[in-house]
Protein chains: 2
Amino acid sequence: MNAPASMIRLTTQRQIILEELSKVTSHPTASELYDMVRKRLPRIGLGTVYRNLELMAESGMILKIEVGGTQKRFDATTDEHYHIRCSVCGRVDDIDVPVVKELVAQAKESSAYMIQGHHVEFTGICSDCQKKQH
Amino acid sequence: MNAPASMIRLTTQRQIILEELSKVTSHPTASELYDMVRKRLPRIGLGTVYRNLELMAESGMILKIEVGGTQKRFDATTDEHYHIRCSVCGRVDDIDVPVVKELVAQAKESSAYMIQGHHVEFTGICSDCQKKQH
DNA sequence: TTACTAAATGATAATCATCATCAATTAACA
DNA sequence: TGTTAATTGATGATGATTATCATTTAGTAA
C-alpha cells in the first residue's frame with residue numbers, strides 16, 4: 001500500500017560524522033565537523049558533511065541549531081534544552097536552565113500563529129574569552 | 001582631550017531607511033528593506049542599506065535580530081521583547097509574551113559564561129501560511 | 001558469492017547573503 | 001560659498017550553503 005520507502009543506507013561517512021558529533025559537548029559548525037571527520041576519513045567531501053547533517057537533523061537524530069552568528073551549528077543531544085552563545089568567539093554550549101513550558105501556553109494565547117515550539121538563547125562571554133581579555 | 005568624534009551625517013538614505021522600517025510591524029531583511037526603500041530612492045545601493053542598518057543597530061536606534069533562517073532581520077522597536085518566526089515563510093513578528101527576567105538570573109548560576117542577555121524565539125505557522133495550506 | 005540497482009559520495013560549480021573597496025558625491029560648518 | 005571628511009553607488013570579494021552529476025557502494029535477491 002505504501003510507496004516504497006526510500007532506503008537510508010548506513011554508510012561509513014554517516015557513522016563517523018555522528019560519532020564525532022557525539023564526542024564533543026560543544027556545538028560544531030558543518031566545517032568544524034568536516035575538519036574533525038577528515039582526520040579519520042581524509043577523502044570525505046564537505047558536501048557529504050552538509051548533506052548528512054541536514055538528513056540527520058530532519059530525521060530527528062540530531063539537532064540543528066540556528067542561533068545568532070552566520071553558521072548553523074549541530075548538537076547530538078536532542079532532548080529539549082537551551083543554549084548559550086559566546087558573543088566574542090561564537091562558541092555555543094548547552095545551558096542547564098530548566099525549560100519554561102508555560103512560555104508556549106502564553107504564546108498560544110497572544111498570537112495568531114499556530115505555535116510549534118520555542119527556544120531560548122542566552123548571550124555571554126565564555127570563560128576562554130574572559131581570560132583572553134586580560 | 002577627546003579625539004574628534006567622527007561626524008554622523010543625516011542623509012536622505014538614512015532617514016528613508018529608518019522611516020520604511022518604522023512603517024512595518026514585520027521584521028524585514030536587508031534586501032526586503034532595499035526593495036521598500038527603492039520605491040522612494042530608486043538609485044540607492046544595496047550596500048548602503050546594509051551599511052546603515054548595521055550602523056543604526058550599533059548605535060541602538062534599531063534592533064538587529066539574528067534568529068533562525070539565513071538572513072538577519074531588523075526591528076524599529078528597541079525595548080526588550082520576544083519574537084516568533086514562521087517556519088514556512090520565514091516571516092518574523094513580535095510576540096506579546098512578558099519577558100522572563102528570572103531566566104538571566106538562573107543562567108548566571110548555572111554557567112561559567114559572563115551572561116549578557118537572552119532572547120526567546122517561538123516557532124510556528126503564521127496565519128497567511130495556515131490559510132495557504134488549505 | 002555475485003550481480004543488480006537505487007542511494008550516496010566526492011568534486012565542482014552555482015547561489016545567496018554579506019562585506020570590502022574606491023572614485024565620485026554631498027552634508028555640515030567655517 | 002568653499003573645504004573636507006563622511007557617505008554613497010557600483011562593483012568585486014568572501015564565506016556559507018546548496019545543486020549537479022558522473023562514479024562508487026550498501027543492501028538485497030538470485
Side-chain angles (χ1 to χ4, degrees), chain A residues 2-20 27-59 61-62 64-74 85 89-92, chain B residues 2-18 20-21 27-59 61-62 64-74 85 89-92:
Chain A
N2 287 334
S6 73
M7 165 54 105
I8 293 184
R9 292 195 200 151
L10 190 55
T11 65
T12 319
Q13 287 83 343
R14 276 212 246 283
Q15 290 179 72
I16 296 191
I17 290 170
L18 186 55
E19 276 176 33
E20 291 300 314
H27 301 66
T29 63
S31 80
E32 282 167 356
L33 230 0
Y34 175 56
D35 289 339
M36 291 158 64
V37 169
R38 228 174 353 166
K39 289 181 184 148
R40 297 172 61 187
L41 282 182
R43 302 192 50 76
I44 197 172
L46 178 57
T48 303
V49 175
Y50 271 102
R51 239 181 283 129
N52 282 311
L53 287 172
E54 192 57 41
L55 208 71
M56 292 192 271
E58 270 171 27
S59 76
M61 297 173 64
I62 65 170
K64 176 163 61 168
I65 314 177
E66 304 188 43
V67 295
T70 50
Q71 291 164 280
K72 291 181 180 120
R73 292 176 172 273
F74 297 88
R85 178 170 57 91
C89 67
R91 175 192 174 94
V92 171
Chain B
N2 287 334
S6 73
M7 166 54 103
I8 294 185
R9 291 192 200 155
L10 189 55
T11 65
T12 318
Q13 287 84 343
R14 275 211 247 283
Q15 291 179 71
I16 295 191
I17 289 170
L18 187 56
E20 291 300 315
L21 181 58
H27 300 66
T29 63
S31 80
E32 284 168 353
L33 229 2
Y34 176 56
D35 289 338
M36 291 157 64
V37 169
R38 228 175 350 167
K39 288 179 185 152
R40 296 173 60 186
L41 282 181
R43 303 193 49 76
I44 196 172
L46 178 57
T48 303
V49 175
Y50 271 101
R51 237 180 285 129
N52 282 311
L53 286 173
E54 192 58 42
L55 207 72
M56 290 192 272
E58 270 171 27
S59 76
M61 296 172 65
I62 66 171
K64 175 163 61 168
I65 314 176
E66 304 189 41
V67 294
T70 49
Q71 291 164 281
K72 293 184 180 117
R73 293 177 172 274
F74 298 87
R85 178 168 57 92
C89 68
R91 175 192 174 93
V92 172

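Lettering of chains follows the sequences in order, A, B, ..., and the numbering in each one begins at 1. Computed from a prediction, not measured in an experiment: that's the story for all the values here.
- Separation of atoms CD (A:Glu58) and NZ (A:Lys64) is listed at 7.0 Å; rounding is to 0.5 Å.
- We find the CG-CD1 distance between A:Leu41 and A:Ile17 to be 8.0 Å, quoted to the nearest 0.5 Å.
- A salt bridge links B:Arg40 with B:Glu20: at least one charged nitrogen is closer than 4.0 Å to a carboxylate oxygen.
- Expressed to the nearest 0.5 Å, how far CZ of B:Arg14 lies from CZ of B:Arg51 amounts to 9.0 Å.
- For A:Glu32 and D:dA16, the CD to C1' distance is 13 Å, given to the nearest whole Å.
- B:Asp35 places its CG atom 11 Å from the P atom of C:dA17, with the value rounded to the nearest Å.
- Taking the side chain as every heavy atom from C-beta outward, B:Arg38 and B:Ile44 approach each other to under 4.5 Å.
- Distances shorter than 4.0 Å separate none of the side-chain N or O atoms of A:Ser31 from OP1 or OP2 on D:dA16.
- Summarising the geometry, the separation between CD1 on B:Ile8 and C1' on D:dA5 is reported as 13 Å, rounded to the nearest angstrom.
- An angle of 30°, rounded to 10°, separates the two end axes of the helix from C:dT1-D:dA30 to C:dA30-D:dT1, each defined over five pairs.
- For A:Arg51, no side-chain nitrogen or oxygen approaches OP1 or OP2 of C:dG10 to under 4.0 Å.
- The OH atom of B:Tyr34 sits 13 Å away from the C1' atom of D:dT8 (whole-angstrom rounding).
- As a whole-Å value, the separation of A:Arg14 CZ from D:dA26 C1' is 10 Å.
- In this structure, CD of A:Gln15 is placed 11 Å from C1' of D:dA26, rounded to the nearest angstrom.
- Comparing A:Gly47 and B:Asn52 by the nucleotide of DNA chain D whose heavy atom lies nearest to each, the residue mapping closer to the 5' end is B:Asn52.
- In this structure, the nucleotide among D:dT17, D:dT7, C:dT9 sitting nearest to the side chain of A:Ala30 is D:dT17.
- When the side-chain nitrogen and oxygen atoms of A:Thr11 are compared with OP1 and OP2 of C:dT9, one or more of them lie within a distance under 4.0 Å.
- Residue A:Glu66 contributes atom CD, which lies 10 Å from atom P of D:dT17 at whole-angstrom precision.
- At a threshold of 4.0 angstrom between heavy atoms, the contacts of B:Thr48 include nucleobase atoms, whether or not backbone atoms are also involved.
- Separation of atoms CG (B:Leu33) and CD1 (B:Ile16) is listed at 11.5 Å; rounding is to 0.5 Å.
- Between D:dT17 and A:Tyr50, a contact under 4.0 Å exists linking OP1 or OP2 to a side-chain N or O.
- Checked against C:dT18, C:dT9, C:dA27, the side chain of B:Thr12 finds its nearest nucleotide in C:dA27.
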Could you walk me through whether A:Lys72 and B:Thr70 pass the side-chain contact (heavy atoms from CB on, under 4.5 Å) check? CA-CA 9 Å; A:Lys72 291 181 180 120; B:Thr70 49; 4.0 Å; yes

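- Comparing B:Thr70 and B:Arg43 by the nucleotide of DNA chain D that holds the closest heavy atom to each, the one mapping nearer the 5' end is B:Arg43.
- Nearest nucleotide to the A:Arg9 side chain, out of C:dA27, C:dA6, D:dT8: C:dA6.
- At D:dG9, one or more side-chain N or O atoms of B:Gln13 fall inside 4.0 Å of OP1 or OP2 (strictly under the cut-off).
- Summarising the geometry, the separation between CD1 on B:Ile17 and C1' on D:dT7 is reported as 11 Å, rounded to the nearest angstrom.
- Listed for the B:His27 side chain is a donor-acceptor partner under 3.5 Å among the backbone atoms of B:Val92.
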